[in-house]
Novice: 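Below is one structure. I have some questions about it.
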Amino acid sequence: MSTVDLGIPSIRPQHASPSSNLRGTQSFPDAARSELGDETLRGNLRHATATIQTKRASAVREVRDWQKLRNAGSALKWQVTDHLPELLEQLEDSVTAAGGVVHWARDADEAGEIVTRLALERDAQEVLKVKSMATQEIGLNETLAHAGIHAIESDLAELIVQLAGDTPSHILVPAIHRNRAEIRDIFLRSMPDIDPDITDDPAALAEASRRFLREKFLDLPGGVAISGANFAVADTGTMVVVESEGNGRMCLTLPRTLISVVGIEKIVPSFQDLEVFLQLLPRSSTGERMNPYTTLFTGVTEGDGPQEFHLVLLDNGRSAVLEDPEGRSALHCIRCSACLNVCPVYERTGGHAYGSTYPGPIGAILSPQMTGMHGPDDPNTSLPYASSLCGACYDVCPVKIDIPKILVHMRAEDVDQRRETSGQFRGTWDVAMKGASKLMSSPRAYDKAVRSAGPLSKVLPGDNIGKLPGMLPLVPGWTDHRDLPKPGTSFRSWWDARERDRAKNPDSPSSDSRTGGPDAAADGPATDEEQA
Amino acid sequence: MSDWTDERPTRTPGVSAKDEILARVRSALAVPRRDEVTDAEDVPRAYQRADDKQEVSTDRGKVRDVLVQRLEDYTAVVHRTTADGAAAVIAEALGDAARVIVPPELPEAWTSSVTADVSQDDGTAGPRELDDIDAVLTGCHTAIALTGTLVLRADGIGGRRVITLVPDHHVVVVEEDQVVLGVPKAIERMAEDPRAAWTMVSGPSATSDIELSRVEGVHGPRRLDIVFIEPEPDPEAEAEAAVKKASARKPTAKRSSTNPTQEKTA
Amino acid sequence: MRISLMTTCLVDVMAPDVARATVTLLERLGHEVVFDKRQTCCGQMHTNTGYYTEAAPVVRSFVDTYEPSLDSIDAIVMPSGSCAGCVRDQHQLVAQHEGDSELEERAAAVSAKTYELSELLVDVLKVTDVGAYFPHSVTYHPTCHSMRVLKVGARPVKLLRAVEGIEVRNLPESDTCCGFGGTFSVKNDATSDAMVTDKAANVVSAGAEFVVAGDASCLMNIGGKLRRNGAAPQSVHLAQILASTREEPFVPSQTILGRAS
């Protein structure tokens, strides 16, 4: 971490506000344990992720230049990161020139204050919202509610989540953890005037949401709507909102006042660059050639759409992500959620286990960087470990964020932090890893240990090790669920025996190299000559 | 139990939010990364851009066929016609709509056979009034074949955004010279007027929010009809194509590398 | 060729048959195998758990072991996709973390001669039919790091398909992780268990006698689950199948979790 003298006294990148929805209350393993016990959830997730994976794969296979598009997308995002201050100022100028008003929000609290003030000034008691990760992250609905303003989510999945008093569990499909029967129940409980005989057919449920929201939309003129943006084009000031249902178009077109809350990383340098992202995002995200609706608007258009446009540019921990050169590409994410859909961990635990607005592999690197990892008890410290490092996320990422590499890097940050804090580097893992490091970097001691593992384990019955609670501090996690092979004669002991055999009978090289002849006799330390 | 604390981010007194955010970002980026900084000219543009051979030299008939096929994949109804037949086909596409709204500069010929009550948008109708309109008829700025996308500019042909949103049935007239093969060419056309209000439409309104199964018809128009005005078939070219088609049955003729329907990566 | 065998720590202790099979196979193909007893571990466990500082001495030990003999050997072979992946992708990162540019350079030199078994066979020794005989049905689990870090692609399957008498059966959801993930299997044991439970079920549904892979750690995980469930398929390493011949056929008790020795 370094500071640069800019004439302003030591302004440093800052983590997100504690009030942000970026951290759960439990560590990932604990939260996952309870989610894993929910059979319905497992079934819902399995079904949904399998469906979307198949769709995405065929949408991507169709594109001959997919890898080249990924390369361009990645480079464009690096261009944005490397030139962010200039591009932000350019964006502000473009938006202002087009009749928009730009606000800057250092953190969740400041963004909440700005939006609340704008809404109150316009006497809004109810505002309509387009699904937006940024406003979910800053807990905008709750902030507005404190000021007596009711925010209504207009995206079907967000509406399901809101009506159920639930939290989103997926970036693209926030209600992915709910199946049709559950959604029907939620609607029956919370939608006035709903047909009590409604079936759980998705079409019928979508129709119900259409009727529920229709009146709200038709009442929007004169009112306020709040959105995010998928892309904010620096050279023209154009906001791009990608959606499917048309609720986005309603909110972006009908109100008098539109407020867009956009993270500072959402910039695309030029309008032309949309040719890359409007190919990468839909196919990666919903697995479609193109999503049903994409709206591109620039400031205010006379006689069409909102006559007042406010852009709130949000930091809230993004500058802290930028501070780590090895981790900063986490900000390149275009929120397609492909990494969630292919992640074997996400598929089993669901999004709630991550405790943050941003779940899944991208969340595991993004959330802890935005909030910081504050020691072993901070739930977000457990997120970089919430991965088997299988690498499927990196393969599908449309902007090539090397998530596994960043996960490992952040594990190292966590370990280093502990190592550098006096008195903290003495957990079970720390002790075990230090011990193993010592052993594995001392060939002679290691050799002895390997050769004695077999004979020692002979005191255990059978071929394999079954359940062994508490025998070794780290082993039960394994043996609670699986057998473990019992160490037998080490390879090196067998090798020595074979070498000796060969030395004795130089004409008949090893009778049977596979099963190995003499073994028990070979268990002993290597001689000095052999080690030289 | 937990011995960690999460502090409120620091704000520097007397510094504006803008200056503070920019200073934070500059300070963060001062920590150099392993690779060289990426400038605009470093972005690899090897993907198929607007001037790509496939975009510029693919047979127009093929491009049109792809557009139709991809539009139909989204369950949009496509009516293929020629300039002479357009009026009748438009009337047919509007079906039993009693009240139709059109943008102010729509060619009059397009509504000449429409029996419904056609009103020209004067920019005043709000969503409640539009909710009583059965259908909207507009033109199009650009149509993208590979993605089945119609690009509407909010102008005298594409209409105010609200008129193509609230009525439940949208009929779009697409003309041959508006059709491009891929997204980059479409963006290039849009970039001539980037600050316009643009809407890209790919099929009717849809959602996949329930178990990721696609359901059509949520808030936007639930019916989408495309009237595609194609060039009059040239009898000579027709005959030539027929000959080609016959020879195409031989396996050697199947290796058309510019066939956009065969985008699959090897 | 003269090939130096880096067994990996796991194989040396827990699955020595895999290393023996590697020796048998390479010698049968006419190559000389050497084994340097100073070898310990590649450091993957430390690295992937974030203990770079503790990984550094292990990496140094690895480099110290193999660097001196780089001129006298043609290749270093590791019968493990993830360990070879660690050598190739992570040794330099560890050195960088320690600010040790000399180690970084030396590690790069060693890494350039290090191969996973299927890479060595197909790319270096240019062989796909190794003359093996294995009259059993198998299903192949590609293992994540072989597939996504090393990108070995179809090499192992090509090798398997060339084996006489073998029947290779399709493994449903083959490219999904088995849930091992090194210390992940212990730190996130419940999630890991859910993953290996599904993998084991897929292996059973493939209906083969054996599940084969190029990584003993994944096989220990899958095999351990199958064994715990009392399921029939046995886990066997690619090297063991390729080592098996008509003259010296594979002994079924030598699977990862069922060694006779």
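Protein chains get the first letters and strands the later ones, always in sequence-line order, with residue 1 at the start of each.
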Novice: Report which part of B/Glu216 has an atom under 4.5 Å of a heavy atom belonging to chain A: side chain, backbone, both, or neither.
Specialist: neither
Novice: Chain A: which of B/Thr164, B/Asp42, B/Leu130 shares the most heavy-atom pairs with it under 4.5 Å?
Specialist: B/Thr164
Novice: If I measure from the heavy atoms of chain B, does A/Leu76 come under 4.5 Å with its side chain, its backbone, both, or neither?
Specialist: both
Novice: Can you tell me which portion of B/Pro32 sits under 4.5 Å from chain A's heavy atoms? Options are side chain, backbone, both or neither.
Specialist: backbone
Novice: Check whether A/Thr81 reaches the backbone of A/Lys77 with its side chain - one donor and one acceptor, N or O, closer than 3.5 Å.
Specialist: yes
Novice: For the pair A/Arg328 (side chain) and A/Leu322 (backbone), establish whether a donor and an acceptor sit closer than 3.5 Å, ignoring hydrogens and angles.
Specialist: yes
Novice: Counting only N and O atoms by type, is there a donor-acceptor contact under 3.5 Å from the side chain of B/Asp39 to the main-chain atoms of B/Glu41?
Specialist: no
Novice: Which one of A/Asp82, A/Thr298, A/Asp273 has the most heavy-atom pairs closer than 4.5 Å to chain B?
Specialist: A/Asp82
Novice: Please flag which part of A/Asp324 lies under 4.5 Å from any non-hydrogen atom of chain B: side chain, backbone, both or neither.
Specialist: neither
Novice: Identify which part of B/Ser16 has an atom lying under 4.5 Å from any heavy atom of chain A, answering side chain, backbone, both or neither.
Specialist: backbone
Novice: Report which part of A/Thr301 has an atom under 4.5 Å of a heavy atom belonging to chain B: side chain, backbone, both, or neither.
Specialist: side chain
Novice: Check each atom of B/Thr149 against the heavy atoms of chain A and say whether the ones under 4.5 Å are side chain, backbone, both or neither.
Specialist: side chain
Novice: For A/Leu69 and A/Val63, which heavy atoms make the closest approach, and how far apart are they?
Specialist: CD1-CG1, 3.9 Å
Novice: Working to the nearest 0.5 angstrom, can you tell me the gap between A/Met373 CE and A/Arg23 CZ?
Specialist: 10.5 Å
Novice: Look up atom CG in B/Leu181 and atom CG in B/Leu67, then write down how far apart they are to the nearest 0.5 Å.
Specialist: 10.0 Å
Novice: Check whether B/Asp35 gets within reach of chain A through its side chain, its backbone, both or neither, counting any heavy atom under 4.5 Å.
Specialist: neither
Novice: Given the options A/Gln67, A/Gln279, A/Arg210, which has more heavy-atom pairs under 4.5 Å with chain B than any of the others?
Specialist: A/Arg210
Novice: Chain A: which of B/Thr124, B/Leu224, B/Val166 shares the most heavy-atom pairs with it under 4.5 Å?
Specialist: B/Val166
Novice: So that I can tick it off, tell me whether B/Asp209 and A/Lys131 are bridged by a salt bridge, with the cut-off set at under 4.0 angstrom between side-chain N and carboxylate O.
Specialist: no
Novice: Which bit of A/Ser154 is near chain B, if near means a heavy-atom gap under 4.5 Å: side chain, backbone, both or neither?
Specialist: backbone
Novice: May I ask you to name which of A/His103, A/Glu92, A/Arg178, A/Glu207 has the most heavy-atom pairs under 4.5 Å with chain B?
Specialist: A/Glu92
Novice: Using non-hydrogen atoms and a 4.5 Å limit, figure out which bit of A/Asn291 sits close to chain B: side chain, backbone, both or neither.
Specialist: backbone
Novice: Quick check: does any side chain N or O of A/Asn316 sit under 3.5 Å from a backbone N or O of A/Ala108, one acting as donor and the other as acceptor?
Specialist: yes
Novice: What part of A/Glu215 lies closer than 4.5 angstrom to a heavy atom of chain B: side chain, backbone, both or neither?
Specialist: both
Novice: Using non-hydrogen atoms and a 4.5 Å limit, figure out which bit of A/Leu220 sits close to chain B: side chain, backbone, both or neither.
Specialist: neither
Novice: Using heavy-atom distances under 4.5 Å, tell me whether A/Arg318 contacts chain B through its side chain, its backbone, both, or neither.
Specialist: neither
Novice: Among B/Ala206, B/Ser208, B/Ala191, single out the residue with the greatest number of heavy-atom pairs under 4.5 Å to chain A.
Specialist: B/Ala206
Novice: Under a 4.5 Å cutoff for heavy-atom pairs, which residue among A/Ser74, A/Ala203, A/Ser19 has the most contacts with chain B?
Specialist: A/Ala203
Novice: In a check of salt bridge (charged side-chain N to carboxylate O under 4.0 Å, His left out) between A/Glu275 and each of B/Lys185, B/Arg49, B/Arg189, which one passes?
Specialist: B/Arg49
Novice: Below 4.5 Å from any heavy atom of chain B, which atoms of A/Leu218 appear? Answer side chain, backbone, both or neither.
Specialist: both
Novice: Select one option (side chain, backbone, both, neither) describing which atoms of A/Leu156 are under 4.5 Å from chain B's heavy atoms.
Specialist: both
Novice: Tell me, for B/Val215 versus chain A, whether the close heavy atoms (under 4.5 Å) come from the side chain, the backbone, both or neither.
Specialist: side chain
Novice: Quick check: closest heavy atoms across B/Asp6 and A/Pro18, and the distance to 0.1 Å?
Specialist: O-CG, 3.5 Å
Novice: Identify whether the distance between the nearest side-chain nitrogen and carboxylate oxygen of B/Asp134 and B/Arg99 falls below 4.0 Å.
Specialist: no
Novice: Between A/Trp78 and B/Arg33, is there a cation-pi geometry (under 6.0 Å to ring centre, at most 45° from the normal)?
Specialist: yes
Novice: Indicate whether any N or O donor in one side chain lies under 3.5 Å from an N or O acceptor in the other, for A/Ser244 and B/Thr207.
Specialist: no
Novice: I'd like to know which of B/Arg128, B/Arg160, B/Glu188 tops the heavy-atom pair count under 4.5 Å against chain A.
Specialist: B/Arg128
Novice: How long is the straight-line distance from CG of A/Asp304 back to OG1 of A/Thr253, given to the nearest 0.5 Å?
Specialist: 7.0 Å
Novice: Is there a donor-acceptor pair under 3.5 Å between the side chain of A/Glu110 and the backbone N or O of A/Arg106?
Specialist: yes
Novice: On a heavy-atom basis, which atom in B/Ala145 and which in B/Arg70 lie closest, and how many Å separate them?
Specialist: O-CG, 3.3 Å
Novice: For B/Glu36, I'd like to know if atom CD has over 12 heavy atoms of other residues, nucleotides or ligands within 6.0 Å.
Specialist: no
Novice: Given the rule in the side chain to side chain contact (heavy atoms under 4.5 Å, CB included) test, do B/His219 and A/Asn247 qualify, once you have shown the distances and angles that lead to the verdict?
Specialist: CA-CA 6 Å; B/His219 305 298; A/Asn247 64 305; 3.5 Å; yes
Novice: Examine whether an atom of A/Asn44 lies under 4.5 Å from a heavy atom of chain B, and if so say whether it belongs to the side chain, the backbone or both; otherwise answer neither.
Specialist: neither
Novice: Would you mind telling me which of A/Asp219, A/Asp109, A/Val321 has the largest number of heavy-atom pairs within less than 4.5 Å of chain B?
Specialist: A/Asp109
Novice: Chain A: which of B/Arg11, B/Arg34, B/Arg214, B/Gln48 shares the most heavy-atom pairs with it under 4.5 Å?
Specialist: B/Arg11
Novice: Relative to chain B, which of A/Thr236, A/Thr295, A/Thr381 shows the most heavy atom pairs under 4.5 Å?
Specialist: A/Thr236
Novice: Which atoms of A/Pro269 come close to chain B, meaning under 4.5 Å heavy atom to heavy atom: side chain ones, backbone ones, both, or neither?
Specialist: neither
Novice: Using heavy-atom distances under 4.5 Å, tell me whether B/Val151 contacts chain A through its side chain, its backbone, both, or neither.
Specialist: neither
Novice: Quick check on B/Ala196 against chain A: is it the side chain, the backbone, both or neither that has a heavy atom closer than 4.5 Å?
Specialist: backbone
Novice: Given heavy-atom pairs under 4.5 angstrom as the criterion, report whether the side chain, backbone, both or neither of A/Ala16 touches chain B.
Specialist: backbone
Novice: Of the backbone (N, CA, C, O) and the side chain (C-beta and beyond), which part of A/Ala320 lies under 4.5 Å from a heavy atom of chain B, both, or neither?
Specialist: neither
Novice: Just give me the residue among B/Gly203, B/Gly148, B/Ala46 that pairs up with chain A most often, heavy atom to heavy atom, under 4.5 Å.
Specialist: B/Ala46
Novice: Ignoring hydrogens and angles, tell me if any N or O in the side chain of B/Glu129 forms a donor-acceptor pair with the backbone of B/Pro127 under 3.5 Å.
Specialist: no
